[in-house]
Student: 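Below is a structure I'd like to ask you about.
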Amino acid sequence: MDQQQLSAEIGRRRTFAIISHPDAGKTTLTEKLLLYGGAIHLAGSVKDSRRGGRKTTSDWMEIERQRGISVSTSVLQFDYRGRRVNLLDTPGHHDFSEDTYRTLAAADAAVMLIDCVKGVEPQTIKLFKVCRLRGIPIVTFINKMDRLGREPLELLDEIERVLGIPCAPVNWPVGAGPTFAGVYERGSGRLFQFERGESKADRAVTTVGDLDSPELAEMIGDKVRDQLKEEIELLDVASRPFERGAFLRGEMTPVFFGSAMTNFGIEPFLDNFVDLAPPPGTRRTIKGERAADDPAFSAFVFKIQANMDPRHRDRIAFARVCSGRFLRGMEVLHVRSNTRLALTRSLNFLAHERKQVDEAFAGDVIGIWDPGILRIGDSLCEGEPVEFDGIPRFSPEFFVRVRLTDPAKRKQLKKGLEQLSEEGAVQLFFDRLRMDREPILGAVGVLQFEVVQHRLRSEYGAPIELDRLPYQHARWLEGEVDIATFETRGYSTCVLDVEDRPLVLFESEWAMQRAEKENPKVKFIAAVQPGRSARSAA
Ligand code: G4P
């Protein structure tokens, strides 16, 4: 394959994730994107696998089935108008987890899904901030327009006010709630009128016209049409025009309206999205940059999943290809250990089903069978070593102490906790003075504990109880640190992470602020890079 062909393959990739608050309709939208992406037989499978309608393929997914949630992340791939779309499916449960952060590190863009009735919700804000931090371009889709929600202008105002990002509406809804009948595309002046198909699995029947078309007047009446015209005129004056540069920097968001449930607005959204969303670009490495179309293959691991299939008892590392071309069987450098690794067993995943992947390009995600050496954030490459900026470990907000209920299973517990922490399922801490004591687990969402407890029992045979600890914040320490200072406090405690870095757990924001004030020479750090020490003194 020559450079031109390689660049063309990479240039047609669009890799993104959907961010939203639970119930905004992420599962439904994912299914509808698959439907319009031609993977019709799959529409329904995402939801079914989440809700237990499909046979689950692993033991621990039982927990998902029981709770009707998805704890795992899969990658959905489809072709649309000559583009190869990779949708990184983040966990859809009510709880937050580190998986979501890490998945965003592998995405080139995000779709922010907002429920038109509820507006901007807490999890949307949290995820938005992660995208902002990483400079990920965000496209907004305002969903459930078939329900009577807030006024579109009010919603845009809320996004701008709460998230601090200017909105550029690409289209505008015609009617709302039961009268929601189409969208007007501002750039082209085209009006898309929708009618429901026979069933939910059918595409919406779409008629393209304009604001003056007699069909529109007939459908919504002169009065509503005049109001629509007025709104659009107002928008043209009041809203900022779309600027591609600002969007790509994550400083402006194009906005679409629609209803995933009825398929209204999905096609105009997808048509625009594949043009708007950027192809894989240049990624930062520790020493510089790596362009996506560099012919040398490189990738980084953003997720590790052990025991996905109990029949195999294996570990799969999900790697985002950052440059070049992947070919099954190729030998690459595992940069951290400086060893060579033959990638002979590679997979891609579709709603939990595995398929062998023989070839992939920058922008794609591959599942690599891991003999036990890969860690989250690890880089793999051909040629000169490149190391991508790691995936930060975020400070947990929930803490528990592990209590083994069968003392004979200490070894199993140790192995299980080590593996689950390497996998990033949970963060593992130890008391500084008594390393033999039962460890402390930290997570950004409490469901992570439930998953770990379940997996320790079912995969490692280690039954545990978890005792909730009162801490709410954690900070790694850097600078001139005298750890003893933090040991003696009533509202905090000092622990070590798996890389021996000290961190302090605080019971309250107040306790943390006080510690910061009293120790001006110490840096209190909320996110660290695994594998690199946050500790310079101590
Ligand atoms: P999530 O993955 O973001 O958590 O949301 P999900 O797609 O599961 O959707 C949450 C609920 O919102 C579902 O209803 C779904 O049908 C509904 N929904 C999604 N998109 C739309 C939309 O465009 N319009 C309307 N009116 N509803 C929408 P449910 O009652 O929980 O489930 P179901 O019985 O409908 O499957």
Side-chain angles (χ1 to χ4, degrees), residues 16-36 42-54 64-76 87-97 99-100 103-104 110-128 138-150 152 155 171 173-183 192 194-197 199-204 206 255-270 351-352 445 447:
F16 75 104
I18 302 176
I19 59 169
S20 64
H21 193 84
D23 281 338
K26 190 166 73 171
T27 314
T28 314
L29 180 65
T30 302
E31 274 172 17
K32 299 311 168 80
L33 295 178
L34 290 175
L35 172 73
Y36 279 84
L42 280 167
S45 66
V46 181
K47 198 165 223 157
D48 285 352
S49 69
R50 285 197 174 153
R51 305 217 164 149
R54 242 178 177 216
E64 298 182 14
R65 204 188 56 73
Q66 283 165 3
R67 298 190 44 151
I69 49 169
S70 166
V71 193
S72 62
T73 306
S74 43
V75 185
L76 305 162
L87 168 51
L88 309 178
D89 186 22
T90 53
H93 50 76
H94 284 247
D95 206 21
F96 206 55
S97 90
D99 240 11
T100 315
T103 300
L104 288 172
V111 170
M112 179 165 74
L113 185 65
I114 288 180
D115 179 333
C116 74
V117 183
K118 297 194 177 138
V120 178
E121 296 178 85
Q123 204 134 307
T124 327
I125 302 177
K126 250 184 165 176
L127 291 163
F128 174 84
I138 297 167
V139 178
T140 301
F141 186 90
I142 298 186
N143 191 30
K144 305 199 185 180
M145 288 304 292
D146 59 295
R147 293 179 60 188
L148 272 178
R150 309 228 197 118
L155 285 163
N171 62 30
V174 178
T179 64
F180 177 53
V183 292
F192 297 86
F194 310 119
E195 277 167 70
R196 282 184 186 238
S199 84
K200 272 200 218 170
D202 283 341
R203 294 158 178 243
T206 307
V255 180
F256 295 81
F257 292 85
S259 153
M261 192 180 75
T262 56
N263 301 336
F264 285 16
I266 305 296
E267 197 168 5
F269 166 72
L270 202 48
H352 305 320
L447 185 68

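As the structure lists them, so they are numbered: ligands from 1, and atoms in each ligand from 1.
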Student: I need the Leu34 CG to Lys32 NZ distance, nearest 0.5 Å.
Tutor: 11.0 Å

Student: If you count the atoms of ligand 1 from 1 in the order shown, which ones are under 4.0 Å from a heavy atom of Pro22?
Tutor: 4 (O)

Student: Taking the minimum heavy-atom distance to atom 12 (O) of ligand 1, which of Gln123, Lys144, His21, Glu31 ranks first?
Tutor: Lys144

Student: Using a 4.0 Å cut-off to any heavy atom of Asp23, which atoms of ligand 1 qualify?
Tutor: 1 (P), 3 (O), 4 (O), 5 (O), 10 (C), 12 (O)

Student: Just distances here: any N/O of Met261 and N/O of ligand 1 closer than 3.5 Å?
Tutor: yes

Student: Of the backbone atoms (N, CA, C, O) and the side-chain heavy atoms from C-beta on, which set of Ser259 has a member under 4.0 Å from an atom of ligand 1: side chain, backbone, both, or neither?
Tutor: both

Student: Which of the atoms in ligand 1, numbered in the order shown and given with their element, are less than 4.0 Å from a heavy-atom of Thr27?
Tutor: 1 (P), 2 (O), 7 (O), 8 (O)

Student: Considering the heavy atoms of Lys26, write down every atom of ligand 1 situated less than 4.0 Å from one of them.
Tutor: 1 (P), 2 (O), 3 (O), 5 (O), 7 (O)

Student: Please tell me if the side chains of Leu104 and Ile19 come closer than 4.5 Å, counting only heavy atoms from C-beta onward.
Tutor: yes

Student: Between Pro268 and Phe256, is any pair of side-chain heavy atoms under 4.5 Å apart?
Tutor: no

Student: Can you tell me how far OG of Ser20 sits from CZ of Phe141, rounded to the nearest 0.5 angstrom?
Tutor: 12.0 Å

Student: Using 0.5 Å steps for rounding, measure from the CD1 atom of Ile18 to the OG1 atom of Thr27.
Tutor: 8.5 Å

Student: Could you name the option among Gly25, Ser20, Cys116, Gly177 that has the heavy atom nearest to atom 5 (O) of ligand 1?
Tutor: Gly25

Student: Does the N or O separation between Asp146 and ligand 1 drop below 3.5 Å for any pair?
Tutor: yes

Student: Write down the atom of Gly119, the atom of Leu155, and the distance for their closest heavy-atom approach.
Tutor: CA-CD2, 3.8 Å

Student: Check Met145 against Phe257 and note the closest heavy-atom contact, atom names and distance.
Tutor: SD-CD2, 3.8 Å

